There are 2 protein chains.
Amino acid sequence: MALGKDYANQHCSIARALEVVGERWTLLVVRDAFYGVRRYNDFLVHLGAPRAVLAARLQSLVDVGVLDKRRYQEAPPRDEYVLTERGIRLWPVLRALGLWGREALPGTLPMRSFHHVACGTELAPAGDCPACGLAVPPADIEMRPGAGLDPDPADPVSRALLKPRRLLVPLELPPSESRRV
Amino acid sequence: MALGKDYANQHCSIARALEVVGERWTLLVVRDAFYGVRRYNDFLVHLGAPRAVLAARLQSLVDVGVLDKRRYQEAPPRDEYVLTERGIRLWPVLRALGLWGREALPGTLPMRSFHHVACGTELAPAGDCPACGLAVPPADIEMRPGAGLDPDPADPVSRALLKPRRLLVPLELPPSESRRV
DNA sequence: CCTGGTAGGTTCGTTCACTGAACCTTGACT
DNA sequence: AGTCAAGGTTCAGTGAACGAACCTACCAGG
């Protein structure tokens, strides 16, 4: 958000958090990372953000320790962006935002639902499993598509996200798909 | 965020929520509303946002039904901005952000803690009361200042927020205080 | 009647960030 | 040598945020 001076003297944890993840696109990048997106180009086609902005956001998320940039291939050199422990702790924020967007805003069909991978039960609003009575970490959550999703999206990342998927599992696009940008 | 086209075709509840509350200052306005701030000038001195931006944010929050603008005095005409039911449902978002800002970001002293007003117990991360085993609505939460707060802030709103306060209770500033802007 | 003060804004010029398009680099493949 | 893909950077144009000044309505004191 490039705020610095104004938010800095707010003496407030909420303001501090917003300094880090409050800029445009930032939380959507983190959301995609939970959905398994790891590569620059996949973020790009899924978000539709300008390349320069995406590069800046990825860099700043790495700088604050939310994402880790790591080499996954040497020739040609390719990096991927993976959520750190600190980034994974942002899940309750995304969860709360998504819940509010779905329930408090009018005329929204449910886009995705989140289930405990061990038992299939849909998670309670607080993020725990009603059946097991346990707090469910993001790695044990399965995302399932809902009625509000576009059934035939244009970009390959959205198409891959139409299938039920466990959070944080890297998204692997079929080679034929990655060509359609 | 004036995004419209880009976020709009994201088919995602998180993106929809961010369209509404994702702009700079917006969530801090909502936070202040939870703390009892209701008047334009109080938001202004506490946030330090430009007047034009604050006016635009308040108006857009009224437009989307998060705040209600209502006349509380006729002569001279004075309006106050109060959280609606829809706005109050944003509490889990602020809670999650504040928790992350405090626990995941380094070097932060706790600024405020939140307690169940019925028993005084500090709330669990999910927002429930560990002693009573109940989900606690914002109206039953008491905010208490923590070690990270500036003990002698410049503006009267920050000074008023140094005392333990129940959420959503309107902030009444002593007349002598409101003069020091 | 004149001045001053307060609440709640609007207007305006400057600065800064976002946008979209084009371009660049590295390495693999043919 | 030419082409392709990934992952960027650069750049001009636009829109939003910023800070200061100004405006309006009302009341109080001298």
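The model shown is predicted, which means the values in this text are computed figures rather than measured ones. To find a chain, count down the sequence lines: A is the first, B the second, and so on, and within it residues start at 1. These numbers come from the heavy atoms of this one structure, side chains and all, not from hydrogens, waters or symmetry mates.
Nearest heavy atoms, B/Val20 versus A/Trp100: CG1-CH2, 3.9 Å. Taking each heavy atom of A/Gly98 and B/Ile14 in turn, the nearest pair found is CA-CG1, 3.7 Å.
The distance between atom CD of A/Glu80 and atom C1' of D/dG7, rounded to the nearest whole Å, is 14 Å. What separates CD of B/Glu172 from P of C/dA7 is a distance of 13 Å, to the nearest Å. When the C1' atom of C/dG8 is taken as reference, atom CG of B/Leu47 falls 15 Å away, rounded to whole Å. Taking atom CH2 of A/Trp25 as the reference point, atom P of C/dA17 lies 18 Å away to the nearest angstrom. The interatomic distance linking B/Tyr40 (OH) with D/dC23 (P) rounds to 16 Å, in whole Å. One interatomic measurement links the two molecules: CG of B/Asp42 to P of C/dG8, which rounds to 8 Å at whole-angstrom precision. Atom CZ in B/Arg71 sits roughly 16 Å away from atom P in C/dA7 (whole-Å rounding). Rounded to an integer number of Å, the gap from B/Leu67 CG to C/dG8 P is 14 Å.
Comparing D/dG8, D/dC26, D/dT10 by their closest approach to the side chain of B/Pro77 singles out D/dC26. The side chain of B/Pro76 lies closest to D/dC27 when the candidates are D/dT9, D/dC27, D/dA17. The side chain of B/Asn41 sits closest to C/dA7 out of D/dG7, C/dA7, D/dA17.
Looking at A/Arg165, its side chain never comes within 3.5 Å of a backbone N or O of A/Met143 through a donor-acceptor pair. The closest donor-acceptor contact from the side chain of A/Arg39 to the backbone of A/Leu171 lies at 3.5 Å or more, if one exists at all.
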(message) With side chain to side chain contact (heavy atoms under 4.5 Å, CB included) as the criterion, how do B/Leu58 and B/Lys69 come out once you've worked through the C-alpha distance, each side chain's angles and the decisive distance to 0.1 Å?
(response) CA-CA 9 Å; B/Leu58 288 171; B/Lys69 178 179 188 171; over 6 Å; no
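Under 3.5 Å, the side chain of A/Arg39 and the base of D/dG7 form no donor-acceptor pair of N or O atoms. Side-chain to base pairing of A/Arg51 with C/dG20: no donor and acceptor N or O lie closer than 3.5 Å to each other.
Taking the nucleotide of DNA chain D with the nearest heavy atom to each of A/Leu58 and B/Val53, the more 5' of the two is matched to A/Leu58.
OP1 and OP2 of D/dA16 both lie 4.0 Å or more from every side-chain N or O belonging to A/Arg24. Regarding contacts with the backbone of C/dA7, every side-chain N or O of B/Tyr81 stays at 4.0 angstrom or more from both OP1 and OP2.
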